[in-house]
J.: 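Structure incoming, see below.
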Number of protein chains: 2
Amino acid sequence: MPDSALIETVRDFNRFYTNFLGVLNRAYLDTPFTLTDARVLFEIGSRNGVSASVLTRDLQLDAAYLSRILKRFRGEGLIETASDPDDMRSQIISVTDKGRDQFQELGRRSNVQIAERFDTLAAGAPQSIVTAMTTIRALLEPNAAPPAAILRPHRAGDMGWIVQSQAKAYTEEYGWDMRFEGLVADVAGKFLTNFNPAMEYCWIAERAGVNIGSVLIANGGDGIAKLRLLYVDKAARGLGLGKTLVDECIRFAKARQYRQLSLWTNDILHAARGIYVKAGFRLVSEERHCMFGREENGQTWVLDL
Amino acid sequence: MPDSALIETVRDFNRFYTNFLGVLNRAYLDTPFTLTDARVLFEIGSRNGVSASVLTRDLQLDAAYLSRILKRFRGEGLIETASDPDDMRSQIISVTDKGRDQFQELGRRSNVQIAERFDTLAAGAPQSIVTAMTTIRALLEPNAAPPAAILRPHRAGDMGWIVQSQAKAYTEEYGWDMRFEGLVADVAGKFLTNFNPAMEYCWIAERAGVNIGSVLIANGGDGIAKLRLLYVDKAARGLGLGKTLVDECIRFAKARQYRQLSLWTNDILHAARGIYVKAGFRLVSEERHCMFGREENGQTWVLDL
DNA sequence: CAATTTTATTTGACTCAGTCAACTAATTGC
DNA sequence: GCAATTAGTTGACTGAGTCAAATAAAATTG
């Protein structure tokens with residue numbers, strides 16, 4: 001549950017941006033088109049044939065209202081419609097040359113309007129605004145074009161991200177206290193301070209510029225590799241990402257000729273344990289503990305390589 | 001003149017956000033109020049007396065239309081108006097208790113709506129979105145006053161944020177390597193693992209739901225308090241926040257009857273050192289080192305309490 | 001396979017958000 | 001002192017958008 005300060009900031013921004021858009025959208029008063037007219041024409045012009053019911057759905061418009069807009073556009077020669085041979089109820093709408101000229105003219109006016117508004121801003125401000133807009137768009141609409149997750153090596157700040165994300169997630173999901181965050185920070189700190197790139201590695205899973213998972217291998221000595229800080233963000237679970245991260249660890253451990261891969265987990269982390277079992281790990285010890293405020297069952301698993 | 005790719009991105013974002021706001025604003029259909037009603041009531045409720053002409057200007061509304069809204073609100077007992085003694089044409093509008101209850105209810109519904117929408121997002125996404133929104137707002141409206149920063153105690157994830165932010169900032173600003181992040185993680189981990197709330201504390205500076213600074217006090221034994229991990233985000237510098245954080249540390253250390261406050265810094269951190277000097281710290285030792293990849297001059301400062 | 005339900009689209013009737021013009025009262029500026 | 005402007009209100013009106021009912025076509029059900 002996002003905290004109230006965050007929610008208040010979103011609402012404040014929404015009020016601000018409603019006014020901002022209101023000023024921009026009033027420009028349509030200089031044309032015979034309403035904002036809705038423009039949205040419809042633009043959507044038709046951006047697609048290669050589209051049905052009215054699809055427009056109704058995507059633009060959240062009343063079907064009767066859309067019908068009237070389309071009738072008017074047909075009358076003005078901006079669009080043409082043809083019956084859909086696959087569904088005689090339906091019509092396929094496309095834009096005419098005249099219509100394309102019109103929405104391109106609307107586009108030019110909109111471009112000029114934004115250019116004028118942005119010319120008044122400080123140097124560099126437009127680029128920063130666009131970067132921020134892209135961030136908001138990508139985060140609010142992650143499924144729009146779900147880019148593939150990639151695995152990459154860690155870089156500055158990622159250990160902090162691991163600490164923050166796991167602390168928040170496990171405090172919320174299991175009620176663990178700050179000592180858990182302390183332990184994760186300690187593990188992360190030691191990993192970085194003593195990092196040996198020949199035998200150790202950290203993978204970060206990232207999607208659309210946002211971190212969504214992690215795992216690291218540390219050298220435990222005596223030919224034993226330690227798999228640590230496996231984590232998949234709630235929003236990215238169920239996609240096999242955890243398995244991918246563990247598989248990558250096993251591959252790395254074998255390539256570096258470790259003789260064994262070892263890990264400590266808590267049995268309450270069911271999804272993770274399922275991955276370990278399927279990967280061939282065996283349980284070698286377990287003990288009850290209260291390290292994080294709740295009584296848990298810690299377990300050590302190993303995989304012979 | 002901003003380039004066409006930038007303009008196109010702005011327009012694309014505006015189309016997206018128009019739809020996003022359209023979905024949010026439709027929530028008002030569950031109340032007898034229109035979106036404009038809500039905007040008016042909210043604006044009146046957020047100010048300590050306001051005139052109709054000011055509302056007309058700030059909300060970009062037709063004066064006749066606003067007049068009707070206000071008449072209806074008066075009829076429903078949501079607002080009350082009084083003549084302005086300085087201008088008998090003008091009226092000062094204020095919200096009644098009933099009106100305040102009403103817009104607080106609208107606010108609650110809006111909060112729930114946004115909370116539900118944001119709960120579906122990836123961990124960290126709400127924070128990133130809010131940061132981006134704050135950036136857009138500040139750049140499009142440079143004359144608006146930034147919201148006040150607050151200091152609060154740490155909670156789950158904050159140590160991770162400290163590690164991440166300082167690692168990114170100092171890698172970028174000074175080229176320090178991962179061992180710096182390792183050290184910060186180690187300090188943070190030990191602080192949490194051994195946390196003693198009677199003698200230790202961590203302050204997080206937050207603005208509009210976004211973390212912007214930190215500092216912590218750890219018990220170094222022998223009556224010595226250690227000031228650690230002082231940090232102010234680049235976007236919040238120059239406002240005296242660092243001094244505020246240090247002052248809070250000194251106050252806490254004195255209240256807990258430590259005999260001395262000690263800290264280790266690097267002289268390249270000029271702003272921080274300036275704060276320490278002004279606070280009365282004295283330099284007791286310094287040594288060249290290469291702990292983070294670059295040759296730096298580490299310094300230990302102390303303040304007798 | 002026929003009957004029923006659902007979907008796509010259109011048209012009629014209607015609501016009401018918002019605009020424009022004209023008005024009164026008060027203030028400002030020359 | 002008077003003309004111009006501002007603050008606010010009311011009357012009349014436009015048109016964006018909604019709701020219901022209609023026809024035609026497709027999908028579903030028994």
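What's counted below: heavy atoms across the whole structure, side chains too, no hydrogens, waters or symmetry copies. Residue numbers start from 1 in every chain, and the chains themselves are labelled A, B, ... in the order their sequence lines are given, proteins ahead of strands.
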J.: Reckon B:R57 has a side-chain N or O less than 4.0 Å from the OP1 or OP2 of D:dT6?
T.: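 Negative; the distance criterion is not met.
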J.: Taking only N and O in the side chain of B:S53, is any of them less than 4.0 Å away from OP1 or OP2 of D:dG8?
T.: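 Affirmative; the distance criterion is met.
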J.: Need one value for A:A52: base, sugar-phosphate or nothing, where a base atom within 4.0 Å counts as base even if backbone is also close, heavy atoms only.
T.: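 Sugar-phosphate contact only - A:A52 comes under 4.0 Å of backbone atoms but never of a base.
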J.: From CG of B:L66 over to C1' of C:dA17, roughly how many Å is that when rounded to an integer?
T.: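 Rounded to whole Å, this separation is 13 Å.
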J.: Could you tell me how far apart A:R89 (CZ) and C:dT5 (C1') are, to the nearest whole angstrom?
T.: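 Answer to the nearest Å: 11 Å.
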J.: With sugar-phosphate meaning primed atoms plus P, OP1 and OP2, does A:R74 contact a base, only sugar-phosphate, or nothing at under 4.0 Å between heavy atoms?
T.: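 Sugar-phosphate contact only - A:R74 comes under 4.0 Å of backbone atoms but never of a base.
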J.: Check the distance between D:dA16's P and A:F33's CZ and give it to me in whole angstrom.
T.: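 Those two atoms, CZ and P, are 12 Å apart.
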J.: Is B:R72 touching bases, backbone alone, or none of the nucleic acid, heavy atoms closer than 4.0 Å?
T.: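 The residue B:R72 makes no contact with any strand.
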J.: What's the CD-C1' distance between A:Q91 and D:dT23, to the nearest Å?
T.: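 Those two atoms, CD and C1', are 14 Å apart.
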J.: Below 4.0 angstrom, N of the basic side chain to O of the carboxylate: do B:D58 and B:R39 qualify?
T.: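 So B:D58 does not pair with B:R39 through a salt bridge.
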J.: How would you label the contact of B:T56 with the nucleic acid (heavy atoms, under 4.0 Å): base, sugar-phosphate, or nothing?
T.: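 No contact.
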J.: Counting just side-chain N and O atoms, does B:K71 come under 4.0 Å of either OP1 or OP2 of D:dT10?
T.: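 The answer is yes; a side-chain N or O of B:K71 sits under 4.0 Å from OP1 or OP2.
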J.: Taking atom C1' of D:dT18 as reference, at what distance in whole Å does atom CG of A:L61 sit?
T.: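 So the two atoms are 12 Å apart, to the nearest Å.
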J.: Starting from P on C:dA17, measure out to CG on B:L70 and report it in whole angstrom.
T.: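 After rounding, the reported distance stands at 15 Å.
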J.: D:dC19 phosphate, OP1 or OP2: any side-chain N/O from A:R68 under 4.0 angstrom?
T.: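 Answer is no, no contact under 4.0 Å.
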J.: More 5' along DNA chain D: A:I69 or A:D86, using each one's nearest nucleotide?
T.: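 Per heavy-atom nearest nucleotide, the more 5' residue is A:I69.
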J.: Looking at B:D233 and B:R237, is there a salt bridge between them, counting it only when a charged N and a carboxylate O are closer than 4.0 Å?
T.: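 Looking at B:R237 and B:D233, the cut-off is not met.
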J.: Of the nucleotides D:dG11, C:dT10, D:dT18, which has the atom closest to the A:D62 side chain?
T.: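 Minimum distance to the A:D62 side chain belongs to D:dT18.
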J.: Measure from CD1 on B:I93 to P on D:dT9 and round the result to the nearest Å.
T.: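 After rounding, the gap between these two atoms is 8 Å.
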J.: Students often get this wrong, so: under 4.0 angstrom with heavy atoms, is B:D87 touching a base, only sugar-phosphate, or nothing?
T.: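 It contacts sugar-phosphate atoms only.
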J.: So, B:F13 versus A:Y17, ring centres under 6.0 angstrom or not?
T.: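 When the ring centroids of B:F13 and A:Y17 are compared, they turn out to be within the sub-6.0 Å range.
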J.: To the nearest 0.5 Å, how far apart are CD1 in A:I69 and CG in A:D62?
T.: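 Between A:I69 CD1 and A:D62 CG, I get 9.5 Å after rounding to 0.5 Å.
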J.: Can a side chain N or O of B:S90 be found less than 4.0 Å away from OP1 or OP2 on D:dG8?
T.: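 The answer is yes; a side-chain N or O of B:S90 sits under 4.0 Å from OP1 or OP2.
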J.: Please report the closest heavy-atom contact between B:I136 and A:A132, naming both atoms and the distance.
T.: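 Closest pair (atom of B:I136, atom of A:A132, distance): CG1-CB, 3.6 Å.
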J.: Between atom CD1 in B:I92 and atom P in C:dA26, what is the gap in whole Å?
T.: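 Checked: the CD1 to P distance equals 16 Å.
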